[in-house]
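Please read the structure below before turning to the comments.
Each chain gets a letter, A, B and so on, in the order the sequences are listed, and its residues count up from 1.
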There are 2 protein chains.
Amino acid sequence: MSDRARNPTIIDVARAAGVSKSVVSRVFTGQGSVGTRTRERVLAAAAELGYVVNATARAMVARRTYTVGVFVRDAATPFYGHVLTAMQERASHHGYRVVTATGSGRFELAEERHALETLVQLQVEGLVVCSGLLPASDVATFAARIPTVVAGRPETHADVTSVFCDEDAGGAGLADHVADLGHHRVAVIGLPPGRSLTMAPRTAAMARRLRERGVEVVEVAGGLVDEVPRLVPEIRAHPGVTAVMAPSDLHAVRLLEALAVAGVAAPGELSVTGYDGVGPLRTPLIGLTTWRQPVAEIGAHAVDAVVGLLDTDTVPPHHRSLAGELVVGRTAAPPRR
Amino acid sequence: MSDRARNPTIIDVARAAGVSKSVVSRVFTGQGSVGTRTRERVLAAAAELGYVVNATARAMVARRTYTVGVFVRDAATPFYGHVLTAMQERASHHGYRVVTATGSGRFELAEERHALETLVQLQVEGLVVCSGLLPASDVATFAARIPTVVAGRPETHADVTSVFCDEDAGGAGLADHVADLGHHRVAVIGLPPGRSLTMAPRTAAMARRLRERGVEVVEVAGGLVDEVPRLVPEIRAHPGVTAVMAPSDLHAVRLLEALAVAGVAAPGELSVTGYDGVGPLRTPLIGLTTWRQPVAEIGAHAVDAVVGLLDTDTVPPHHRSLAGELVVGRTAAPPRR
DNA sequence: TTGTAGGCGTTATCAC
DNA sequence: GTGATAACGCCTACAA
């Protein structure tokens with residue numbers, strides 16, 4: 001780094017104001033008492049010098065940082081973006097600041113681990129993990145020492161508190177809708193648990209409920225959103241399939257695009273459902289039939305939970321499941337014949 | 001906070017490994033030399049105790065944090081979400097971590113100032129400001145001491161480096177497209193500079209270019225996305241208007257929704273254009289005619305710029321303007337008659 | 001009300 | 001190769 005002017009410290013301010021550094025400290029912490037005139041002099045000197053409290057030094061002695069660390073898998077995704085915003089809002093409400101870490105976009109486990117450790121190094125007082133990838137065992141490593149909450153995925157690890165949308169109920173509810181529409185043969189784009197701890201259970205729930213309803217299920221192995229177009233021929237190869245259930249809105253939209261390219265009418269020939277119901281894709285212009293997750297509530301409750309863990313002695317880990325809601329759109333309709 | 005087990009320090013590790021704390025420090029910094037067997041003992045003891053480096057303590061003596069602070073206005077918005085992801089990626093490439101702050105969603109100036117100060121308190125080495133709201137004067141306050149880059153808005157303050165998409169060229173390019181389509185009377189939803197430092201210049205550029213092209217412009221005063229529906233009657237009140245240029249994709253989509261509700265065909269009766277071209281709204285399902293901003297590049301260059309400022313002695317502030325690109329969609333067509 | 005002194009966990013500079 | 005020791009900027013008794 002170039003040798004820029006060193007940041008002013010309380011000592012500089014003290015000297016400028018002609019007092020001792022303890023007085024300056026008291027002025028900025030609000031602890032202890034300072035004379036009115038003295039306080040003014042200190043404040044003036046601080047403003048003059050452009051003094052800003054050094055949070056790292058303060059953290060050392062206070063042994064507190066008033067900071068919660070939030071790890072989100074990918075801020076560019078509407079789901080995580082909204083959760084993040086809600087958390088930020090809620091944390092500042094509680095008087096905490098949030099520092100965020102994300103994987104660097106390549107979604108590798110090692111990177112996510114590293115990002116989480118970074119947060120711990122930063123001495124966050126609590127941790128919110130918001131990733132469908134990182135296994136509970138990794139999270140539990142830190143949970144023993146730092147209050148930790150897993151948000152947005154159905155985590156039931158005994159040592160870790162969690163807040164999530166009920167994926168079973170969501171998958172089943174959406175499946176019921178599709179069954180109600182009268183479909184008899186439905187493709188479900190499923191993901192292995194290793195790929196996504198959120199999408200795997202919800203697609204499993206979809207398939208399960210469909211079968212319970214007497215609907216024949218064609219399981220299609222999905223992956224990243226960009227791989228969706230490749231699935232079209234595979235789906236079309238199964239005669240009689242009149243609906244496709246995708247693991248997320250992003251997947252569903254990509255599927256609709258690919259179907260349009262392939263000249264397949266939706267929902268005419270093929271009904272399509274998504275999952276998430278958050279962000280711009282909720283637009284009626286697309287009219288996606290989906291399941292809405294209560295993102296804002298997930299974020300808010302997650303932060304409330306960590307803060308609760310912070311303030312209270314020994315709150316046992318608990319799991320909170322939030323209900324989502326069916327969004328009836330135009331992309332799923334009764335089968336043609 | 002409940003009295004949880006104190007985090008282990010190098011002293012604990014040193015004791016467990018039977019060495020002095022200096023040795024432990026060397027093991028974790030990689031500076032200086034340690035015997036192979038000693039190193040192993042230290043590593044084992046650290047793992048056993050669950051030792052994690054205390055970044056705040058390290059920052060104190062090293063006077064470095066290897067941290068860049070990023071302030072984004074609203075992570076829930078596709079534009080900021082993508083920029084954020086790009087920055088994160090780029091920063092980790094340079095060996096820096098990113099701490100993020102956002103306003104708490106209410107978009108008040110005081111909050112944004114506070115968030116920025118928080119970043120400074122955290123001793124970030126560089127600052128990236130990504131908000132269409134915060135005035136340059138506020139940014140300049142910190143820029144004097146901390147390398148600062150403004151990203152994503154056309155900032156030409158002499159003391160602050162900036163990276164942005166050329167709003168003039170973008171607005172003009174999009175306007176040219178609309179004029180080329182043959183529209184003679186066009187409504188532009190404009191925003192005052194006080195509301196958005198990005199949208200104001202781009203809509204101004206749209207109007208300017210339209211006029212240069214001999215197109216009659218109807219200026220409509222816009223605001224937040226949610227206020228867009230209220231604009232429909234106003235726009236319809238102007239006879240002969242065959243196209244509307246919105247300040248962002250979010251605005252445009254909301255407008256299209258409102259038009260659909262009002263039974264106005266788009267682009268049949270009214271063509272609509274957006275701006276940004278990022279995120280899920282790029283879907284061909286909507287086919288929005290818009291101007292694509294190079295978000296990833298903006299994020300990457302912004303981080304490169306701060307890091308450059310960090311590493312080099314005295315780089316003068318500079319402004320980098322990136323070109324966007326016209327996205328021809330289906331929501332803008334030649335006027336009917 | 002104000003000042004002094006000690007220490008938070010770490011790194012860096014010395015001796016050994 | 002290893003171990004003392006002095007900072008780093010701040011807070012907090014405690015003394016004045």
Problem - DNA chain D-proximal residues of residues 41-58 of chain A, any heavy atom under 4.0 Å - result: A:Tyr51, A:Asn54, A:Ala57, A:Arg58

Practice task
Quickly, which of B:Arg320, B:His93, B:Arg90 forms a side chain to side chain donor-acceptor pair (under 3.5 Å) with B:Asp304? Name it, please.
Solution key: B:Arg90

Fill in the blank from the handout: Among C:dT1, C:dT4, C:dG9, the one nearest any side-chain atom of B:Arg6 is C:dG9

Practice task
Establish, from distance only, whether the side-chain atoms of B:Glu112 and B:Ser131 form a donor-acceptor pair under 3.5 Å.
Solution key: yes

Completion exercise
In B:Val149, B:Val306, B:Val68, B:Val120, the residue satisfying side chain to side chain contact (heavy atoms under 4.5 Å, CB included) with B:Leu127 is B:Val120

Practice task
Mind calculating the distance between CG (A:Leu122) and C1' (C:dG9) to the nearest angstrom?
Solution key: 15 Å

Handout entry: Between C:dG9 (C1') and A:Gln121 (CD): distance, integer Å
Key = 13 Å

Practice task
Choose from C:dT11, C:dG6, C:dG3 the nucleotide whose nearest atom is closest to any side-chain atom of A:Val23.
Solution key: C:dG3

Handout entry: Donor-acceptor pair, side chain of A:Thr148 and main chain of A:Ile146, under 3.5 angstrom
Key = yes

Exercise for the section: Quick one: label B:Thr9 by what it contacts on the DNA or RNA (base, sugar-phosphate, nothing), any heavy atom closer than 4.0 Å. Expected result: sugar-phosphate

Practice task
Choose from C:dT10, C:dT13, C:dG3 the nucleotide whose nearest atom is closest to any side-chain atom of A:Val19.
Solution key: C:dG3

Practice task
Side chain of B:Ile11 only, please: which of C:dT1, C:dG6, C:dT10 is the nearest?
Solution key: C:dT10

Handout entry: Given DNA chain D, 5'-ward residue of the pair B:Gly35 and A:Ser25, judged by closest heavy atom
Key = B:Gly35

Practice task
May I ask you to say what B:Ser22 touches in the nucleic acid, namely base, sugar-phosphate or nothing, with a heavy-atom cut-off under 4.0 Å?
Solution key: base

Handout entry: From OG1 (A:Thr100) to OH (A:Tyr80), nearest 0.5 Å
Key = 14.0 Å

Handout entry: Phosphate OP1/OP2 of C:dC8: any A:Arg64 side-chain N/O under 4.0 Å
Key = no

Exercise for the section: May I have the distance from B:Met60 (atom CE) to C:dT11 (atom P), rounded to whole angstrom? Expected result: 13 Å

Exercise for the section: Calculate the interatomic distance between B:Asn7 atom CG and C:dC8 atom P; express it in whole Å. Expected result: 15 Å

Handout entry: Side chain A:Thr29, main chain A:Ser25, donor-acceptor under 3.5 Å
Key = yes

Exercise for the section: Taking heavy atoms of chain A and a 4.0 Å limit, find me the 5'-most and 3'-most nucleotide of DNA chain D within that range. Expected result: D:dG9 to D:dA13

Exercise for the section: Going by the salt bridge (charged side-chain N to carboxylate O under 4.0 Å, His left out) test, name the single residue among A:Arg97, A:Arg64, A:Arg145 that passes it with A:Glu125. Expected result: A:Arg64

Practice task
Select base, sugar-phosphate, or nothing to describe what B:Thr29 touches, counting heavy atoms under 4.0 Å on all strands.
Solution key: sugar-phosphate

Practice task
For side-chain hydrogen bond (donor to acceptor under 3.5 Å, both in side chains), just list the numbers for B:His319 and B:Thr156, CA-CA rounded to whole Å, side-chain angles, deciding distance to a tenth of an Å, and then say yes or no.
Solution key: CA-CA 7 Å; B:His319 309 293; B:Thr156 50; 5.7 Å; no

Practice task
Answer yes or no: is there a donor N or O on one side and an acceptor on the other, between the side chain of A:Thr77 and the main chain of A:Phe79, under 3.5 Å?
Solution key: no

